[in-house]
Amino acid sequence: LTTMEDARMEPNIPPPKSTSQQDALFSMMDVFLISLITGLFTYWFFFRKKKEEVPDLPKMQSVAAPVRDSSFIEKMKKTGRNIVVFYGSQTGTAEEFANRLSKDAHRYGLRGMAADPEEYDLSDLSRLSEIDKSLAVFCMATYGEGDPTDNAQDFYDWLQETDADLSGLRFAVFGLGNKTYEHFNAMGKYVDKRLEELGAQRIFELGLGDDDGNLEEDFITWREQFWPAVCEHFGVEATGEESSIRQYELVVHTDVNMNKVYTGEMGRLKSYENQKPPFDAKNPFLAQVMENRKLNEGGERHLMHLELDISNSKIRYESGDHVAVYPANDSSLVNQIGEILGTDLDTVMSLNNLDEESNKKHPFPCPTSYRTALTYYLDITNPPRTNVLYELAQYATDASEQERLRKMASSAAEGKALYLSWVVEARRNILAILQDMPSLRPPIDHLCELLPRLQARYYSIASSSKVHPNAIHICAVTVEYETKTGRLNKGVATNWLKNKVPDENGSNSLVPMYVRKSQFRLPFKPSTPVIMIGPGTGIAPFIGFIQERAWLRQQGKEVGETVLYYGCRRQHEDYLYREELARFHQEGVLTQLNVAFSRDQAEKVYVQHLLKKNKENIWKLVNEGNAHIYVCGDARNMARDVQNTFYEIVAEFGNMSQPQAVDYVKKLMTKGRYSLDVWS
């Protein structure tokens, strides 16, 4: 203001006679004028803005709606679809089921599309009734402790917050879960319940698939009752037998620039040569293995500790997070498939979606070679699902083999039993099926179209970023077993990791990886006691927890009691991290180290037995110390037995009935004081 006033006054005002009077006069006039001008400007600015903007708002909304890229309604109208099958999928199974249901639709004169909820605006569900004979199906997997899968998180958040009127929506839900987990099929149950609450009409009952039993059979049983319900609701009939419909067409590239061919990348071409953060499922980081050592001293199994270098990756992790690694299939299995089908595996090809409107242009990154597809992109080691057998049956030239394949793919009780015994229980993978059915020789491109994607494997991180900011540690056991047919089956990821040894040039020691955040977290206050229960490789996250508590002590923080219950088979065979744990115990970081050796004596001793032995101390830590409890490892037996032990301890020392004790433990879970990181 001072400079503006000086500039304005100099040319207009003669030399003052009474400077003090004039200074005061002009100061007051200036203040008055400036205030007036400011006031008028403010009034004009705000009121003019309102007048211009208010009428434009409805126009902007009405123009934006039809051109929204994320509208699945517009896409369905454009392509003549009336059934949309959304999938919440972490390992690809729910996506596979969604694709099967969408393909089924043509048999009833309907047209379906599978859709990733992450790619669309799900608030458009209220508009689905604009399409005749429309139906939304949801194949929803439950991840972790009752959580939505990554791609269904936004949909889940929307369902929780919305008050949309879905009264015109017709829907059905099939959930994918595992009964060994505490929150069995939580996501499927929630979606089914919430859609009904919002006014949507359920046209068929909720399906609950159990991966601990036979998920494939659960799905088939639900599906064979689901379609008749759809027919009845819409007044349509099946058009005939199931027919094999190719979703992709083969294009062989005879003259192709090899710089444009995928060699194993998950997303962007050449992303492994030119790494750019941020790193995630579609853009994994190539971490070099700095260390790979055997942890156990004896026994038949191979337990290993790996250290991955994440320097310069900008990857951040917390104790309790998971590291996902993308493995590769055994080259000998890949070569045998190539030989048995008489194929040149180095042929460069693309599989292009015949539906040009589909968001999914290829089943895996293309163009690529058959060798790359079978090595990095396709699951060739798990028993194939019934839809794969059905599609392959047409290529069996022997009538009895063709009939056998069709029977196993049918919904008849005899067929289901045959599939269960011959494929699932015998653990026959696609190579074993080809070997045991000499007349079955499908075109390799159709086989590649049918096989599911090879999935990332998750491991609990066995380190703390406070201590190891540039490294992620993994603790794993190699999977290897003999099947009922006498074949030796090997776990894809663990055997691949076993061979990742540090070398000078580093080419053989690279692991594509990314970090998946977890809810398995140390308490916010370091002074809170922790009780950790993790037999076998379930020790992994607790190594990170203990490292972090040691680091906090070094920083001068008050650290509460740190109690570990660990279990293994034999003390001198598979006692993992024995030296590290002994050192932490000696230093006082680990206040209690309780180890159960299950096979070192006549009667087996497990972690739950040690918990019972120390039950008074356990109750004191939980009840008086507000301790946090952590359980990591096998869900089917160990986690359940440990939980039952806690029910007993709470009932005894809390003077509670069994139902009250169960309720007490469930409340600990709700409050985040009883956390699980388990697998089946």
Side-chain angles (χ1 to χ4, degrees), residues 144 285 287-297 301-311 313 315-325 327 456-479 491 493-494 496-498 500-502 509 511 513-522 530-552 562-568 574-585 589-590 593 595 607 630-634 638 675-679:
F285 176 67
Q288 195 154 334
V289 175
M290 299 186 293
E291 186 174 325
N292 184 347
R293 62 185 164 94
K294 188 178 179 183
L295 287 171
N296 53 318
E297 298 168 15
R301 299 179 305 160
H302 181 94
L303 293 121
M304 56 194 166
H305 170 87
L306 288 97
E307 298 184 6
L308 307 181
D309 186 358
I310 56 167
S311 303
S313 68
I315 289 173
R316 300 288 174 264
Y317 73 95
E318 299 291 330
S319 302
D321 283 343
H322 298 134
V323 58
V325 304
R457 274 29 177 202
Y458 296 93
Y459 298 94
S460 301
I461 296 175
S463 54
S464 165
S465 59
K466 300 286 192 294
V467 183
H468 300 283
N470 295 317
I472 283 178
H473 298 182
I474 294 174
C475 171
V477 56
T478 52
V479 177
T494 52
W496 175 76
L497 283 171
K498 181 183 174 182
K500 289 285 173 187
V501 289
S509 63
V511 174
M513 53 74 68
Y514 66 95
V515 168
R516 189 180 195 275
K517 295 295 173 188
S518 153
Q519 300 299 315
F520 204 70
R521 288 277 182 269
L522 277 168
V530 297
I531 301 167
M532 304 170 290
I533 302 137
T537 55
I539 185 86
F542 302 136
I543 295 296
F545 279 14
I546 298 163
Q547 285 177 2
E548 189 143 328
R549 303 274 275 192
W551 179 85
L552 287 164
T562 306
V563 177
L564 176 67
Y565 285 85
Y566 170 65
C568 61
D574 54 352
Y575 187 167
L576 308 182
Y577 300 104
R578 189 209 305 235
E579 291 80 11
E580 291 94 323
L581 293 173
R583 190 180 73 250
F584 283 129
H585 191 215
V589 176
L590 202 50
L593 174 58
V595 187
V607 283
Y630 301 90
V631 183
C632 182
D634 163 53
M638 183 277 298
S675 302
L676 296 153
D677 180 5
V678 293
W679 53 84

*E548 and S464 side chains, donor-acceptor separation under 3.5 Å*: yes
*Is there a ring-ring contact (aromatic ring centres under 6.0 Å, His included) between F545 and Y630 once you walk through the steps?*
CA-CA 10 Å; F545 279 14; Y630 301 90; 5.1 Å; yes
*Is there side-chain contact between I474 and V325, with heavy atoms separated by less than 4.5 Å?*
yes
*Listed partners of R457 passing salt bridge (charged side-chain N to carboxylate O under 4.0 Å, His left out), at least two apart*: none
*Taking all non-hydrogen atoms of both residues, which atom of L295 and which atom of C475 are closest, and how far apart?*
CD1-SG, 4.0 Å
*Donor-acceptor pair, side chain of S460 and main chain of P541, under 3.5 angstrom*: no
*List the steps, then state whether side chain to side chain contact (heavy atoms under 4.5 Å, CB included) holds for T478 with L303.*
CA-CA 6 Å; T478 52; L303 293 121; over 6 Å; no
*For residues L590 and I546, report the shortest heavy-atom separation together with the two atoms involved.*
CD1-CD1, 3.8 Å
*Residue pair V501 / S509: nearest heavy atoms and the distance that separates them*: O-CB, 3.4 Å
*Does any N or O in the side chain of N292 come within less than 3.5 Å of the main-chain N or O of K500, such that one atom is a donor and the other an acceptor?*
yes
*asked:* Could you check whether any side-chain heavy atom of T562 comes within less than 4.5 Å of a side-chain heavy atom of I531, counting everything from C-beta outward?
replied: no
*Give the intermediate values and the outcome of side chain to side chain contact (heavy atoms under 4.5 Å, CB included) for residues V511 and W496.*
CA-CA 10 Å; V511 174; W496 175 76; 4.0 Å; yes
_Member of R516, R521, Q519 meeting the side-chain hydrogen bond (donor to acceptor under 3.5 Å, both in side chains) criterion with D321_ = R521
_With H473 via ring pair (Phe, Tyr, Trp, His ring centres under 6.0 Å) - residues at least two apart_ = H305, H468
*asked:* Any side-chain to backbone donor/acceptor pair from E291 onto L306? Under 3.5 Å, distance only.
replied: no
_Between Y459 and T537, a side-chain donor and acceptor under 3.5 Å_ = no
*How far apart are the closest heavy atoms of M290 and A471, and which atoms are they?*
CE-CB, 3.6 Å
*For the residue pair V678 and V631, what are the closest heavy atoms and their distance?*
CG1-O, 4.1 Å
*Which heavy atom in Y317 sits nearest to a heavy atom in S463, and how many Å separate them?*
OH-OG, 3.0 Å
*Please determine if E580 and R578 form a salt bridge, counting it only when a charged side-chain N lies under 4.0 Å from a carboxylate O.*
no
*With sequence neighbours left out, write down each residue that passes ring pair (Phe, Tyr, Trp, His ring centres under 6.0 Å) with Y575, or none if nothing qualifies.*
Y566, F597
